[in-house]
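Notes follow once the structure below has been shown.
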Amino acid sequence: MPYEHRIVEPKWQARWRASRLHRTTFDAKRPKYYALDMFPYPSGSGLHVGHCEGYTATDIITRWKRMQGFNVLHPMGWDAFGLPAENYAIRTGIHPRITTEKAIANFRRQIDSVGFAYDWEREVNTTDPAYVKWTQWIFLQLWKQGLAYEGTVPINWCPSCKTGLANEEVSQGKCERCGAAVERKDMRQWLLRITRYAERLLEDLALVDWPESTLAMQRNWIGRSEGAEAVFRLVDREGWPGTEEIKAFTTRPDTLYGATYMVLSPEHPLVERITTPEQREVVRAYQAAARNKSDLERTDLAKEKTGAFTGAYAQNPVNGEKTPVWIADYVLATYGTGAIMAVPAHDQRDYEFATKFGLPIKEVVRPADGRPPEPGKAFCDDGVNVNSGVIDGLPTPEAKKKICAFLESKNLGRATVSYRLRDWVFSRQRYWGEPIPIVHCRNCGAVPVPEAELPVRLPEVERYEPTGTGESPLAGIAAWVETRCPTCGGPGRRETNTMPQWAGSCWYYLRYLDAKNDRAAWSPEVEKQWQPVDLYVGGAEHAVLHLLYARFWHKVLFDLGHVSTPEPFKKLRHQGTVLAFSYQDGMGRYHEPGEVELRGDDAFLKATGEKLKVSVEKMAKSMLNGINPDDVVAQYGADVLRLYEMFMGEFELPKPWDPRAIEGCARFLKRVWRLVEEFDAAKAPAEDPHLRLRHKTIKKVTGDLDRMAFNTAIAAMMEYVNELVGKGATREDLLTLVKLVGPFAPHLGDEAWEKLGEKGFLLQADWPTFDAALTVDAVVRLAIQVDGKVRGSVKVARDASEDEVRKQALAVPNVAKHIEGKTVRKVIVVPGRIVNIVVG
RNA sequence: GCCGGAGUGGCGGAAUGGCAAACGCAGCGGAUUCAAAAUCCGCCGUCCUUACAGACUUGAGGGUUCGAGUCCCUCCUCCGGUACCA
C-alpha cells in the first residue's frame, strides 16, 4: 500500500493530541533541556517556510533529546502586540484583538499541520491581560530600581508610524519597520536605563555560545571605548579664567598637546551661556539649522563640515594654550560628553574642519618608524609623541597612561570609559501595546499603580488613529485617563503612552515555565528547574534589538533575585534565510512558478515559450516567489517539508528553495517506508551484513544532531538506506533506521514503528546507541602517494604495523613505477589514512 | 571606511591538515512497461586517451608542511551589520 501522508499525518497528530504526548514533564533524576523558538508575530499572511526552518530544527533536537531521556521543555506562543493589526484597525475599525485572534488560530493550525511537538498547555500571548499584568509588574520593578524614568529628550520620531522609536529601531536614518526618514523631536518619554548595565551586557557575552556575528553586533552596539575626560576651563579674551568648564571625551588623550580648538554639539547646554553677544546671531542660526536637519541629512551631508564660532575660549589643561570654542553638528550631543577637543593633526574629521575654517594644525605624534606622515591627511595611527611636554618621546600607549595620571593629579581630568549605547526610549504613542502602569498626580508626581490593581487594561476606543501630536489614542478617552492618585487619592491622570512591542518578548521565555501562575510571574522552583534556555533559535534580525533588551531585563531580574542565571539564553543559533527562484520576462514582469516550465537550468513561460530570467532572491510578494508551507504539506506532506528544510544546506546559511530538489527528500522517505512495509523476516538476511554501517550511521547521526548539522545527518541516513535497499535489511536495521528518521519525519516514524509491531510512540523509545569498536572497519584501504600524488592503494588490516604497510605500499606496481630510479627519502604512514612516499 | 560571514562540478552542497566533489537535484544510458509515470541498475568536475595511464582543478597570488579547500600573509568579489561614536 502506498504511503498516504494525507491520512497518516492527521492520524498521528490526533493520537499525539489525545494522549497529551507533548506535555512537559519534569523528573528531577533526569537532565533538562529547554529549547526555545523566537515566538512569532501572528501576521495575517501566516507561517512561511522561514519560520518552519527554525521550528523544525528545534523540533528535531527536542524529539532527539527526549528519546535520550531528557526532561524537555518546548513551548510556543504569540508576540501579539504590534503595528500591523493596529494599522488594520485604523483602516477597518476592526479591533486588533479580533484580527490577532484570527491570525493566531491560523498559525496554530499551520504549526500543528507540520507536526511540531509544542506543549500547547503552556502557550502564552503577550496581549492576554493575564500576561500584560506581569509585563507591567516587571516594569514597576524597574521603576522601583530607578531604571525607568521620564525625560524630555530628543527622540527618533517616525512620521509614518506616528510614534517615537528606540535608537535600535532606526537603521541608516530610517524607520526600521516602514522605511520612512525619522525626524528628531523633543518629547516627554519614558526611558529605561539600560546604560547602567552596559558593562555587564558586554562582559557577559563571554558566558554564552552565540554566533560570532551576533556577538560582534552586540559589542559594536554597546560600543565601549576607553579614553579620558579632559577639563578645559573657559577663559575671557585676555586669558583670565572664568567659572565655566567644558569636559571633553577623547580616546586619544596622548594628543592633548595638539588640541587647537574645541567643538561642542549644537545642543550642548553650555552653548547658550558661553556664546558672546557678537556671535549670538550666527550661533542661534546654526543651532536652528542643525535642529531642522533630519538625522539622515545630518549624516548624509557629512562630507562638508559646517560649524559656528561661539566667541568663547577655553584653556588647554596641559599647556595653558587658549583655544577657540566652536559648535558643529559633526559632534553628537548623545555621545561622550557632547564636546570634543579637536586635534586636527591626528583626527581626520577635525582636520577637515580645521582646514575649512583656517584653524591651526599642530603635529604632536610622529610615525614610530620615522617615515613622513602622508600630506593632506591626519595621522591617526599610534606613534611617538613630539612637541608634547611631559609625554615627549613616549610611544602612544605609554603617553596615554602618563597623561591620564598627569590630568588626574592636577584634578583636570581622568581616565574614563564611554559607551555608544543610549538609554532605551520605551514609550510608544500608539494604542495596541501594554499601558505603562503609572498615574500622574499633581501633588505626588508619577505614582505606580499598586501591584494588586494590575493589569491596567486597555480601554475600548472608537478610533485607533494616533494623534500624531505625540499622544496616543488613549489620551482621548477621558473616562480611562481620569483616575485617582493611588497615593493621595486626589485626581490623577493615567499615563497614556504604551510599551513597545519588545516589552512582551523580554520575558516570555520565563512565563513559559509557569504559564498559568496567577500569583506570580513564575515560581522560583520552576525557574531553577528549567533556566537557562539551552537552545534558542530565531532570525538574525533580532541580533541587537530583542536579544539586547531581553538580556537587560534578565540581568535586572537576576539582581533582584527573581532569576538564578546571569544570562537567559545559553546557546543561540540563527536559521539562514530561505531564498527562492524568481522568474522575470523581457518586460521585467515577474511570473509565479506555476506559469513556468523548467528545462535543465533554463525556465520558459508556458503560455508563450519565452525564455525567462531566473534569479535567486529573498521571498517577496512583489516577486511572486513565496513558498507557502500549506501548499507543500498538501502536496508532499509535513515530513517531506521538514526533511527538505533541513537538507537544503547548512542550517545557519542562506539557501535557495529548489522546488525540484524536494523530490529527492520525498523519494528518500518513500524508500524508508517501502523497506518497512515490504519487510519479511523470512527473507531478511540471516547474518547481519550491515552491522558496522549501522553503528557508523548511529554515530554519524548522533554527532551531527549535536552540532546541528542536519543536512549531513540526513545524507548519512540516505547512504544507509541505499545500502539496505540494495542488500536487504534485518529487523534490527529497520528499528534503528526508524528511530533515526523519527525526529526528522515523526509521522512516518510512528507509522513505521507501529507497522514493525512496536508498542507506544516512537518518542517514548530509546535513542539507539553505538559500539565505538564497530564504527571502524577491520580492513581499510589506504591510498598511496608518491610525492603527494595518489599512485595506488593497498588493503591492510586496520591495526597493521607500520613496517607491514610500508612493505606493501612499495610493492604496488604503479607505485613502484613512480619510485623507479629514485631514492626513497622518507615514508610517512598515517594509520588508517594514507601513506606518502617522498622520493628525491 | 570599520566589524562579521561566505566564495568548491551544470545546481544545492560534503570533506578532525591525509584519496576533493559524500548525499541530493538536473542530465545521460539501460532494465521493467503495449506506452508513460513510478521503481530499479549504471554513468556523470575539466582536458588528453579506444583503454590503461596521465595532466589540471576548491575566487587570485604568495608562504608554512612529506601533504593545504582546511593554517599564515596580501588581494579580489558577494552577503549581513554599522557608520562624523571623538
Side-chain angles (χ1 to χ4, degrees), chain A residues 2 171-173 211-217 219-221 223 225 227 248-252 255 263 298-299 301-303 305 328-332 334-343 346-350 352-353 380 418-422 540-541 543-544 574 576-577 581 598-602 616 644 647-650 652-665 667-668 670-671 674 709 711-719 721-722 725-726 781-793 814 817 825-839:
Chain A
S171 166
Q172 280 154 22
E212 192 48 50
S213 58
T214 306
L215 293 173
M217 278 190 239
R219 284 189 203 107
N220 290 343
W221 194 263
S225 56
F249 175 74
T250 177
T251 54
R252 290 296 300 272
T255 62
V263 187
R298 218 165 139 161
T299 49
L301 303 173
K303 283 130 212 146
K305 294 277 179 290
D329 65 4
Y330 82 90
V331 172
L332 306 178
T334 50
Y335 185 76
T337 58
I340 61 156
M341 60 174 214
V343 186
H346 306 295
D347 182 286
Q348 191 58 28
R349 296 153 299 181
D350 297 343
E352 285 162 19
F353 191 84
C380 304
S418 199
Y419 299 89
R420 202 184 83 114
L421 182 69
R422 304 267 57 86
E541 65 275 15
V544 278
H574 303 300
T577 320
F581 291 102
L598 300 174
R599 271 177 253 151
D601 286 329
D602 296 322
V616 172
Y644 181 59
F647 187 63
M648 273 189 283
E650 200 177 304
E652 300 212 68
L653 294 179
K655 47 210 164 274
W657 182 279
D658 183 344
R660 284 184 293 188
I662 194 172
E663 296 282 353
C665 291
R667 250 171 244 161
F668 166 69
K670 264 186 229 162
R671 281 155 76 89
R674 263 220 332 268
N711 53 340
T712 50
I714 295 168
M717 292 189 280
M718 285 174 168
E719 285 183 73
V721 165
N722 288 345
V725 167
R781 197 183 62 85
L782 292 187
I784 317 295
Q785 296 181 331
V786 177
D787 277 344
K789 289 194 194 302
V790 179
R791 300 298 181 188
S793 66
N814 196 42
K817 198 176 96 189
R825 304 220 176 268
K826 211 196 256 183
V827 178
I828 293 146
V829 179
V830 184
R833 287 263 173 218
I834 207 166
V835 179
N836 191 10
I837 300 164
V838 185
V839 295

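Convention: sequence-line order gives letters A, B, ...; per-chain numbering from 1.
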Inset, instruction - Evaluate the side chain to side chain donor-acceptor pair (under 3.5 Å) criterion for residues A:Asp658 and A:Tyr644: first the C-alpha distance (whole Å), next the side-chain angles of each, then the deciding distance (0.1 Å), finally the verdict. - result: CA-CA 10 Å; A:Asp658 183 344; A:Tyr644 181 59; 5.5 Å; no

Legend entry - Heavy-atom pair of closest approach, residues A:Val263 and A:Ala342: CG2-CB, 4.4 Å

Legend entry - Any side-chain heavy-atom pair of A:Asp347 and A:Arg252 under 4.5 Å: no

Inset, instruction - Answer yes or no: does a side-chain N or O of A:Arg833 lie under 4.0 Å from OP1 or OP2 of B:G67? - result: no

Inset, instruction - With heavy atoms under 4.0 Å as the rule, sort A:Ala715 into base, sugar-phosphate or nothing. - result: base

Legend entry - Interatomic distance where CH2 belongs to A:Trp221 and C1' belongs to B:C2 [whole Å]: 15 Å

Legend entry - Span that lies between the C1' atom of B:C28 and that of B:G17, in whole angstrom: 37 Å

Inset, instruction - Classify the side chain of A:Arg825 and the base of B:C66 as holding, or not holding, a donor-acceptor pair under 3.5 Å. - result: no

Inset, instruction - Measure from CG on A:Asn722 to P on B:U39 and round the result to the nearest Å. - result: 13 Å

Inset, instruction - Hunt down the Watson-Crick or G-U wobble partner of B:G29, both distances under 3.5 Å, from any strand shown, or write none. - result: B:C41

Legend entry - Separation of atom CZ in A:Arg791 from atom P in B:A55, rounded to whole Å: 4 Å

Inset, instruction - Please determine if a side-chain N or O atom of A:Asn711 lies less than 4.0 Å away from the OP1 or OP2 oxygen of B:C23. - result: no

Inset, instruction - Check whether any side-chain N or O of A:Asn711 sits under 3.5 Å from a backbone N or O of A:Met648 as a donor-acceptor pair, and report yes or no. - result: no

Inset, instruction - Ignoring backbone atoms, test whether A:Ser225 places a side-chain nitrogen or oxygen under 4.0 Å from the OP1 or OP2 oxygen of B:A86. - result: yes

Inset, instruction - Indicate, with a heavy-atom threshold strictly under 4.0 Å, whether A:Asp350 touches base, sugar-phosphate, or nothing. - result: nothing

Legend entry - d(CG, A:Leu653; C1', B:G12) in whole Å: 12 Å

Inset, instruction - Write down the distance separating the C1' atoms in B:G18 and B:G10, rounded off to the nearest Å. - result: 30 Å

Inset, instruction - Please state how far atom CD1 in A:Ile662 lies from atom P in B:A26, giving the value in whole angstrom units. - result: 13 Å

Legend entry - Whole-Å gap separating P (B:G5) and CG (A:Leu215): 10 Å

Inset, instruction - May I ask you to decide if the ring planes of A:Phe249 and A:Tyr335 are parallel, tilted or perpendicular, using 30° and 60° as cut-offs? - result: perpendicular

Inset, instruction - Counting heavy atoms from C-beta on, name the nucleotide in B:C66, B:U39, B:A26 closest to the side chain of A:Lys670. - result: B:U39

Legend entry - Euclidean distance for C1', B:G12 against B:G45 (whole angstrom): 16 Å

Inset, instruction - Using atom CD of A:Glu541 as one end and atom C1' of B:U82 as the other, report the distance to the nearest whole Å. - result: 17 Å

Legend entry - Sugar-phosphate only, base, or nothing, as touched by A:Glu663 at under 4.0 Å among non-hydrogen atoms: nothing

Legend entry - Shortest side-chain distance from A:Phe647, nucleotide among B:G12, B:U82, B:A86: B:G12

Inset, instruction - Between A:Arg252 and A:Ser793, just flag the one whose closest nucleotide in RNA chain B comes earlier from the 5' side. - result: A:Ser793

Inset, instruction - Would you indicate which nucleotide in B:C19, B:A15, B:C25 comes nearest to any side-chain atom of A:Ala783? - result: B:C19

Legend entry - Rounded distance in Å - CD (A:Glu652) to C1' (B:G4): 13 Å

Inset, instruction - Consider the side chain of A:Glu719, meaning its heavy atoms from C-beta on, and name the nucleotide among B:A22, B:A86, B:C40 that approaches it most closely. - result: B:A22

Inset, instruction - For A:Asp787, report the nucleic acid contact type (base, sugar-phosphate, nothing); a contact means any heavy atom under 4.0 Å. - result: nothing

Inset, instruction - Between A:Ser213 and A:Met341, name the one whose nearest nucleotide on RNA chain B is closer to the 5' end. - result: A:Ser213

Legend entry - Proximity to the side chain of A:Met718 - top-ranked nucleotide from B:G4, B:A38, B:G24: B:G24

Inset, instruction - Identify whether any heavy atom of A:Pro211 sits under 4.0 Å from a base atom; if not, whether one sits that close to sugar-phosphate; answer base, sugar-phosphate or nothing. - result: nothing

Inset, instruction - Give one of base, sugar-phosphate or nothing for A:Thr334, where a contact means two heavy atoms less than 4.0 Å apart. - result: nothing

Inset, instruction - Using a 4.0 Å heavy-atom cut-off across all strands, classify A:Val544 as base, sugar-phosphate, or nothing. - result: nothing

Legend entry - B:G80 - base-pair partner by Watson-Crick or wobble geometry, distances under 3.5 Å: B:C3

Inset, instruction - Answer with base, sugar-phosphate or nothing: what part of the nucleic acid does A:Arg219 contact at a heavy-atom distance below 4.0 Å? - result: nothing

Legend entry - Presence of A:Lys789 side-chain N/O under 4.0 Å of B:C56 phosphate oxygens OP1/OP2: yes

Legend entry - Euclidean distance for C1', B:A26 against B:A35 (whole angstrom): 24 Å

Inset, instruction - Mind checking A:Arg674 for me? I need base, sugar-phosphate or nothing, with any heavy atom below 4.0 Å counting as a touch. - result: sugar-phosphate

Inset, instruction - Salt-bridge test for A:Glu663 and A:Lys670: reply yes if a basic N is under 4.0 Å from a carboxylate O, no otherwise. - result: no

Inset, instruction - Name the nucleic acid region contacted by A:Val830, choosing base, sugar-phosphate or nothing; use a 4.0 angstrom heavy-atom cut-off, strictly under. - result: base

Inset, instruction - Give A:Arg422 one of three labels, base, sugar-phosphate or nothing, depending on what nucleic acid heavy atoms sit under 4.0 Å from its own. - result: nothing

Inset, instruction - Report the base-pairing partner of B:U64 (Watson-Crick or G-U wobble, both distances below 3.5 angstrom), or none. - result: none

Legend entry - Minimum heavy-atom distance A:Pro656-A:Val616, with the two atoms named: CB-CG1, 3.8 Å

Legend entry - B:C43 to B:A22 separation - P atoms, rounded to the nearest Å: 12 Å

Inset, instruction - Ignoring backbone atoms, establish whether A:Arg667 has a side-chain N or O less than 4.0 Å from OP1 or OP2 of B:C25. - result: yes

Inset, instruction - Tell me which nucleotide among B:U39, B:G13, B:C84 gets nearest to the side chain of A:Tyr330. - result: B:C84

Legend entry - Atom of A:Ile834, atom of A:Ala783 and distance for their closest heavy-atom approach: CG1-O, 3.4 Å

Legend entry - Pairing partner (Watson-Crick or G-U wobble, both distances under 3.5 angstrom) of B:A22: none

Inset, instruction - Answer syn or anti for B:G9, where the cut-off is 90° from 0 on the glycosidic torsion. - result: syn

Inset, instruction - Run the numbers on A:Asn722 and A:Arg671 for side chain to side chain donor-acceptor pair (under 3.5 Å), then give the verdict. - result: CA-CA 9 Å; A:Asn722 288 345; A:Arg671 281 155 76 89; 2.7 Å; yes

Legend entry - B:C75 and B:G27, which share atom name P, separated by this distance in whole Å: 44 Å

Inset, instruction - Name the pairing partner of B:U16, where a pair is Watson-Crick or G-U wobble with both distances under 3.5 Å, or state none. - result: none

Legend entry - Between B:U65 and B:U16 - P atom distance, rounded Å: 24 Å

Inset, instruction - Could you work out the separation of B:G9 and B:C23 based on their C1' atoms and round it to a whole Å? - result: 14 Å

Inset, instruction - Just name whichever nucleotide pairs with B:U70, Watson-Crick or G-U, keeping both distances under 3.5 Å, else none. - result: none

